[in-house]
Visitor: 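This is the structure I have questions about; it appears just below.
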Amino acid sequence: MVLAGAGSGKTRVITYRIAHLIRNNGVSPYNILALTFTNKAAGEMRHRIDALLQGSGSSGLWIGTFHSVFARLLRSYIHLIGYDRNFSIFDSDDSKSLIRQSMNELGISLDSLPVNAVQSIISKAKNSFILPSEFQARPGDYNQQQAAKVYELYTKKLRENNALDFDDLLIKPLELFRAHEAVLGELQETFRYILIDEYQDTNRAQYLAAKMLGARHRNIFVVGDDAQSIYSWRGADISNILNFQDDYQESLTFKLVENYRSTGTILQAANSVIRNNRRQIKKELVSHRNAGEPVTLLEAYNERQEGEKVVEQIRSMRQKDGLEFSAFAVFYRTNAQSRVLEDVMRQNRIPYRIFGSVSFYKRKEIKDAVAYLRFIVNERDNESLLRIINFPPRKIGDVSIAKLKEYASQEDVSLYEAIRNASGGGFQQRLVNALESFSGVVEQLKALAEYGSVYDVLSELFSLTGIPAQLQAENTAESLARYDNLQELLSMARDFSDHNPDSSSLGDFLENISLASDYDETRESDNYVSLMTVHASKGLEFPVVFITGMEERLFPLNTYEHDELEEERRLFYVAMTRAKEKIYLSWARSRYQYGQPQQCLRSMFVAEIDASIVRTESGELLSGRGSGERPPASGSAPSRGFQSRSVAPQTGFQAPRQEKKPAANGLRAGSLVHHAMFGPGMVLELQGSGSTAKVKIRFRSAGDKTLMVQYANLKIVG
């Protein structure tokens, strides 16, 4: 096992080993299996090996992603487990269609359980190598119980279609290996040398496949970094790399700790943070470069001033050091944070590009919501009408829309007038009912727009359509990101209304969005500031990195469980180690969340950095600031957030008064607790004492609750 720290050249390790095996040890390329996670990585690896071997000797080498290599194997052997070799591979849309059919046959309402949610549950089960029978036997909530039924029928339908979904490419080889030991033995003889890149990102199915293939010769060579394991939400299991020496007790472990990318100060900051994780293989990155500049902490009143301070620093460094825009990257924890940063960049004529996502105003959920607003203002906007008439789904299909257009043409009226008069157009009653439901929503919103604010209209839109609630119910990483984006749009509406009292009509708001969404992101030039989530930054590097939103409940993001907090810390470690020369951290004392300004507390991660290398933007050492110092009042709303207990002495905020109260049953503000009904949460406040003591808790899924301490039966977990 090679533990390759950030910036230590891990790709070189695998390519040189393969070249060494072939050129110096006489190993046949046919006996080497190299597994990666992306086609790009596989292509780059093969290109480097060809260069090392001077274009000869690598023919026959098995190198590719887990999915591509296993698909190739299945073409040869899948007939042994009941499939034809010409099986189809269903993409995500094909998979959803088959899941939808299964749900309809089982009588499971698509309204009560979204298809995306079921697909996500099934995918997670497959990646953990949990087959339908085992999944049905497991206890779970309503969604999981229903999904278990769908999983079984969906699996049967895939077989009927002689098809595999993407996850099956990992599952079916394991079924094959278990059912046919002779095949497994043949493959074990073929793949005498197994090499795996990014081992920390493997899920259980990938782990089992590698272990089974390598069981005979036990010549397995993995490269990875447990400190950069940040994909548990995609099924990655950090235990695979942490337990490698338990699985292969005769193995050797090598640590690559020399970082060729970053200054000594950046590595000192990264090391000081990651050492707070308990579940890790200890190592400290070192650099032979100069110490470099200290980490700079930017404090702002709100998220807009935070963005302006980022721009100010970019301009200053460009003027002082002559840096190109491409030298700068701005990271954020959630996609929704990009909106304010994009706005500030545009207003200051800073060229930028979004990586790993699309610009805020071009995201589907934002365009859908804005289309509603546009149609409310202009009911002759047929483009917006056609976008929203069946969103959320109202079973108004293309055939029905074509008939409506024909009816509107015959009556010489607008398409919306045809919709409102549909009851007299000879349409089926089912369609008439759906159209009346749609026009009812539009008319309510139009009436509200006459006197209400943009925020009022948007809030009512979300309430009437239930779009955000549906995204929450799906409970997938994608749907929750889309939900956050809609909440950011709501925050934007409130911010716009608050700061533009004389020109805050719906029309003014839409004009503001139109100007923003039409902005040219300088696609003709390669000289731009890169904006991206921290997840999207993995594997990249930049001279100067800004990590924004360094606040509790944002980064770390709503962490209640110990393992979640450790992954957030690893994510912060990844963010810091992308920087070559300079790191800026920024946070806002107040940030709009869900349409309301809320007071924020500085992230606990800032306090974990060696304070001797952190300076404020004025150049003052962070370690020199008093722990009880309160920043100037920002005029923000009272705090609805909470603070981790480890943060209070060092954030620059006064510790909340309730922390000074005597603890009730061991409870304190900041305690992590678990409730039998409401699940995990964090204590916000203690009230009263003795038998009348109450505790206010923010639960992850149930929100804020005030409970009697003596009856709550809370378990303190941290």
Side-chain angles (χ1 to χ4, degrees), residues 109-117 336 361 363-397 400-401 404 414-423 427 429-475 479-497 504-510 513 592-596 703:
S109 169
L110 296 172
D111 295 328
S112 64
L113 186 57
V115 171
N116 286 350
Y361 298 104
R363 294 168 192 165
K364 180 186 181 299
E365 59 277 10
I366 301 301
K367 294 182 75 171
D368 289 335
V370 170
Y372 267 102
L373 301 182
R374 284 192 173 130
F375 189 71
I376 292 165
V377 172
N378 175 20
E379 66 178 50
R380 302 191 73 84
D381 181 352
N382 285 347
E383 184 177 347
S384 292
L385 170 59
L386 294 175
R387 187 177 185 97
I388 64 177
I389 191 170
N390 205 36
F391 181 76
R394 299 182 175 92
K395 297 183 178 179
I396 305 173
S400 298
I401 291 172
L404 280 168
S414 70
L415 186 55
Y416 184 59
E417 287 179 284
I419 289 172
R420 285 191 298 185
N421 300 330
S423 58
F427 297 107
Q429 190 59 44
R430 178 195 60 77
L431 176 59
V432 171
N433 292 341
L435 294 173
E436 287 179 348
S437 172
F438 169 69
S439 61
V441 169
V442 171
E443 292 304 314
Q444 286 186 63
L445 294 173
K446 286 172 65 178
L448 180 58
E450 292 288 331
Y451 62 87
S453 69
V454 175
Y455 173 79
D456 295 331
V457 174
L458 198 58
S459 296
E460 187 67 9
L461 166 64
F462 290 167
S463 176
L464 291 172
T465 61
I467 296 169
Q470 290 177 25
L471 293 173
Q472 271 193 309
E474 286 183 25
N475 198 34
S479 70
L480 295 177
R482 293 170 62 197
Y483 171 83
D484 286 343
N485 288 335
L486 289 178
Q487 297 303 327
E488 177 61 22
L489 184 65
L490 192 64
S491 294
M492 178 188 176
R494 170 55 65 90
D495 189 27
F496 182 83
S497 299
S504 59
S505 70
L506 190 50
D508 293 326
F509 181 72
L510 290 172
I513 288 179
Y592 274 92
Q593 295 177 359
Y594 311 118
Q596 302 292 336

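The model shown is predicted, which means the values in this text are computed figures rather than measured ones.
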Visitor: With side chains defined as the heavy atoms from C-beta onward, is the minimum distance between Arg387 and Lys364 less than 4.5 Å?
Guide: yes
Visitor: Would you please name every residue forming a side-chain contact (heavy atoms from CB on, under 4.5 Å) with Ala481, sequence neighbours left out?
Guide: none
Visitor: Please walk me through it: do Asn382 and Leu385 pass side-chain contact (heavy atoms from CB on, under 4.5 Å)?
Guide: CA-CA 5 Å; Asn382 285 347; Leu385 170 59; 4.1 Å; yes
Visitor: Ala449 and Leu506: which non-hydrogen atoms are nearest, and at how many Å?
Guide: CB-CD2, 4.2 Å
Visitor: Partners of Leu480 by side-chain contact (heavy atoms from CB on, under 4.5 Å), sequence neighbours excluded?
Guide: Asn475
Visitor: Would the distance check show the side chain of Ser491 and the main-chain N or O of Gln487 forming a donor-acceptor pair, the cut-off being under 3.5 Å?
Guide: yes
Visitor: Measure from the side-chain N and O atoms of Arg394 to the backbone N and O of Ile389, and report whether any donor-acceptor pair falls under 3.5 Å.
Guide: yes
Visitor: CZ of Arg363 to CG of Asp368: how many Å apart, nearest 0.5 Å?
Guide: 14.0 Å
Visitor: What's the shortest heavy-atom distance between Ser384 and Ala371, and which atoms?
Guide: CB-O, 3.5 Å
Visitor: Nearest 0.5 Å, what's the CD1-CG distance between Ile419 and Asn421?
Guide: 10.5 Å
Visitor: Quick check: closest heavy atoms across Lys395 and Asn390, and the distance to 0.1 Å?
Guide: N-OD1, 3.1 Å
Visitor: Leu404 and Leu435: side-chain contact (heavy atoms from CB on, under 4.5 Å), yes or no, with the steps?
Guide: CA-CA 10 Å; Leu404 280 168; Leu435 294 173; 3.8 Å; yes
Visitor: In Å, rounded to the nearest 0.5 Å, how long is the span from CZ of Arg374 to CD1 of Ile388?
Guide: 11.5 Å
Visitor: Between Asp456 and Ser453, do the side chains contain a donor N or O and an acceptor N or O under 3.5 Å apart?
Guide: yes
Visitor: Rounded to the nearest 0.5 Å, how far apart are OG of Ser439 and NZ of Lys446?
Guide: 10.0 Å
Visitor: Compare all side-chain heavy atoms of Leu431 with those of Ile396 and state whether any distance is below 4.5 angstrom.
Guide: yes
Visitor: Any idea which heavy atoms bring Pro392 and Thr465 closest together, and the distance?
Guide: CG-O, 3.6 Å
Visitor: Phe427 and Ala422: which non-hydrogen atoms are nearest, and at how many Å?
Guide: CD1-O, 3.4 Å
Visitor: I want to check something: taking the side chain as every heavy atom from C-beta on, are Pro114 and Gln470 in contact at a cut-off of under 4.5 Å?
Guide: no
Visitor: In this structure, are over 12 heavy atoms from other groups packed under 6.0 Å from Gln429 atom CD?
Guide: yes
Visitor: Report the distance from atom CG of Leu373 to atom CG of Asn378, rounding to the nearest 0.5 Å.
Guide: 13.0 Å
Visitor: Please give me the minimum heavy-atom distance between Tyr455 and Arg494, naming the atom from each residue.
Guide: CE2-NH2, 2.8 Å
Visitor: Keeping to residues at least two apart or across chains, list the ring pair (Phe, Tyr, Trp, His ring centres under 6.0 Å) pairs with something in residues 369-395.
Guide: Phe375-Tyr416
Visitor: Starting at CG of Leu458, measure out to CG of Leu489 and round the result to the nearest 0.5 Å.
Guide: 5.0 Å
Visitor: Go through Leu386 and Leu415 one step at a time and tell me if the side-chain contact (heavy atoms from CB on, under 4.5 Å) criterion holds.
Guide: CA-CA 10 Å; Leu386 294 175; Leu415 186 55; 3.9 Å; yes
